[in-house]
Protein chains: 2
Amino acid sequence: MNDNAHSAAIRVERPAKTLRELALDKVREAIVSGYFRPGDRLVERDLCAQLGVSRTIVREVLRHLESEGLVANLPNKGPIVAQLNHDEAKQIYEIRAALEGMAARLCAEQNNPAIADALDKSLEDIKRSYREKDMAGVLAHTSSFYQTLFSMVDRHVAWGVVNLLTVRINHLRSMTIKTENRDVQGPAQMARIVDAIRRGDGEGAYQAAMDHVTSASAIAQAVLSGRQPID
Amino acid sequence: MNDNAHSAAIRVERPAKTLRELALDKVREAIVSGYFRPGDRLVERDLCAQLGVSRTIVREVLRHLESEGLVANLPNKGPIVAQLNHDEAKQIYEIRAALEGMAARLCAEQNNPAIADALDKSLEDIKRSYREKDMAGVLAHTSSFYQTLFSMVDRHVAWGVVNLLTVRINHLRSMTIKTENRDVQGPAQMARIVDAIRRGDGEGAYQAAMDHVTSASAIAQAVLSGRQPID
DNA sequence: TGCCATAATATGGCCTACCAAAATCCTTCA
DNA sequence: TGAAGGATTTTGGTAGGCCATATTATGGCA
């Protein structure tokens with residue numbers, strides 16, 4: 001027993017990730033990062049070669065990404081990287097507004113100072129990343145901010161939905177945060193959310209969260225209008 | 001050209017359903033309908049035999065259902081039918097409330113009488129199904145009511161999210177609608193939504209939609225408390 | 001009898017190889 | 001030139017096999 005407990009204590013935390021999960025992450029990352037562009041065909045056997053795995057894995061991965069909305073399947077032609085149009089992007093921002101607004105309200109109604117403190121910490125990270133011009137960091141810490149918002153009130157299902165939708169607009173997000181003045185306005189809007197939460201002002205937190213997403217959406221629309229869709 | 005246009009016009013809407021999609025629907029239906037119970041193991045090779053398809057297909061289907069949240073994968077044990085706990089159900093109802101409330105508000109702000117008319121039609125179908133004690137019909141027409149709500153304002157992404165979440169609580173829905181008085185209260189609450197939309201009262205429609213889901217959620221919680229989880 | 005080590009079984013994870021059907025590209029011949 | 005008709009590419013789908021792990025028998029030993 002003692003021996004067992006001991007070996008358990010030193011047990012190496014093995015990856016436990018299956019090859020399929022690794023491949024899934026790789027391909028998702030490749031799409032989100034723009035290595036595969038919207039409209040690109042994802043030929044199964046090519047992916048096999050690039051990933052170094054069998055078709056079985058590739059097919060399962062493509063199915064998974066299809067159900068995530070990152071990949072579209074043309075009948076008898078095969079999978080391509082999904083194209084996000086104007087309208088869908090708008091809808092995604094709208095849903096995020098509704099859910100993040102909800103989460104912010106719940107946080108405010110919790111009246112727990114630890115929540116605002118945790119959010120402030122993420123906010124500092126975001127500002128620092130902006131100062132260091134580390135845009136990947138801005139995105140990551142912004143995600144972290146919202147994850148905190150949801151997890152502090154135990155809304156992991158809603159967080160899952162938001163997360164799922166967010167990967168589909170990732171390239172838009174990375175463009176909006178580079179917009180002029182966004183390094184000041186973005187954090188300012190998020191600070192309003194935190195302030196309302198700290199005051200216990202549910203309605204204010206809701207509005208502030210809605211406003212933040214809404215302004216991001218407006219910028220995204222402008223970006224999309226400026227550059228013609230990749231069609 | 002003319003010929004082309006003509007042949008396109010009469011083109012038979014071919015099934016186009018791949019075997020995988022058929023299998024996916026079958027298994028999803030089997031889970032939603034309760035043929036497979038929460039916690040049941042879904043042994044790949046058994047499913048192959050039952051569905052009459054290859055393991056490739058079965059695996060892709062399982063992956064798809066996993067990302068829908070209907071199937072859970074235990075490491076080193078394999079897939080089982082996902083178990084819905086108390087808290088998750090509550091969260092799902094909460095998200096539906098937020099999104100259906102949003103859709104109802106948008107419908108109201110549209111000021112288009114056709115919307116309320118279409119909703120009224122679904123509502124009549126629901127009442128008739130209740131009178132005929134056709135509970136499957138009640139569920140179907142209720143879905144149809146909400147689908148109208150979303151599609152009338154072109155919010156198919158949000159509808160997709162709601163739909164995805166709804167399949168996971170399908171058994172709860174089928175219990176809530178059988179609750180005492182639900183055949184009167186349910187339609188009455190939905191009529192309030194329609195009335196507000198017809199009046200162009202966005203805030204009222206939002207509240208009415210929230211109230212409807214919230215009361216369904218309360219009933220679901222009661223049902224879940226009454227009968228111990230299937231563990 | 002009771003317990004432990006071992007073998008058998010079940011199952012998921014992963015792979016290769018194959019076939020049919022559809023789309024597409026390419027060649028050839030009138 | 002241009003249309004018929006292969007050849008190629010690629011998906012959709014199948015079959016079956018290998019390995020690792022986990023569970024379950026099983027049989028032998030104290």
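Values below: all heavy atoms of this structure, side chains included; hydrogens, waters and symmetry mates excluded. All chains are named by letter (A, B, ...) in the order of the sequence lines, taking the proteins before the strands, and each is independently numbered beginning at 1.
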[N] [atom2] sits how many Å from [X] [atom1], rounded?
{"X": "B:Leu74", "N": "C:dT11", "atom1": "CG", "atom2": "P", "answer": "14 Å"}
{"X": "A:Leu22", "N": "C:dC14", "atom1": "CG", "atom2": "C1'", "answer": "13 Å"}
{"X": "A:Asn76", "N": "C:dA20", "atom1": "CG", "atom2": "C1'", "answer": "12 Å"}
{"X": "A:Leu19", "N": "D:dC19", "atom1": "CG", "atom2": "P", "answer": "17 Å"}
{"X": "A:Glu21", "N": "C:dG13", "atom1": "CD", "atom2": "P", "answer": "9 Å"}

### Task
Could you list by number each residue of residues 54-70 of chain A showing a heavy-atom separation from DNA chain D of less than 4.0 Å, or answer none if no residue does?
A:Arg55, A:Arg59, A:Arg63
### Task
Would you indicate, yes or no, if C:dC14 has its OP1 or OP2 atom less than 4.0 angstrom from a side-chain nitrogen or oxygen of A:Thr18?
yes
Of the non-hydrogen atoms in [X] and [Y], which two are nearest, and what is the gap between them?
{"X": "A:Met210", "Y": "A:Ala97", "value": "SD-O, 3.4 Å"}
{"X": "B:Ala118", "Y": "B:Thr148", "value": "CB-CG2, 3.8 Å"}
{"X": "A:Ala103", "Y": "A:Val153", "value": "O-CG2, 4.4 Å"}

Please produce a list of atom pairs where a protein N or O lies less than 3.5 Å from an N or O of nucleotides 6-10 of chain D.
none

### Query
Would a 4.5 Å heavy-atom cut-off, applied to side chains only, mark B:His171 and B:Leu84 as touching?
yes
Going by atom types alone, do [X] and [Y] pair a side-chain donor with an acceptor below 3.5 Å?
{"X": "A:Asp46", "Y": "A:Gln50", "answer": "no"}
{"X": "B:His141", "Y": "B:Ser129", "answer": "yes"}
{"X": "A:Tyr146", "Y": "A:His212", "answer": "yes"}
{"X": "A:Arg182", "Y": "A:Ser215", "answer": "yes"}

### Task
Report which part of the nucleic acid B:Leu42 touches: base, sugar-phosphate, or nothing (heavy-atom distance under 4.0 Å, all strands).
sugar-phosphate
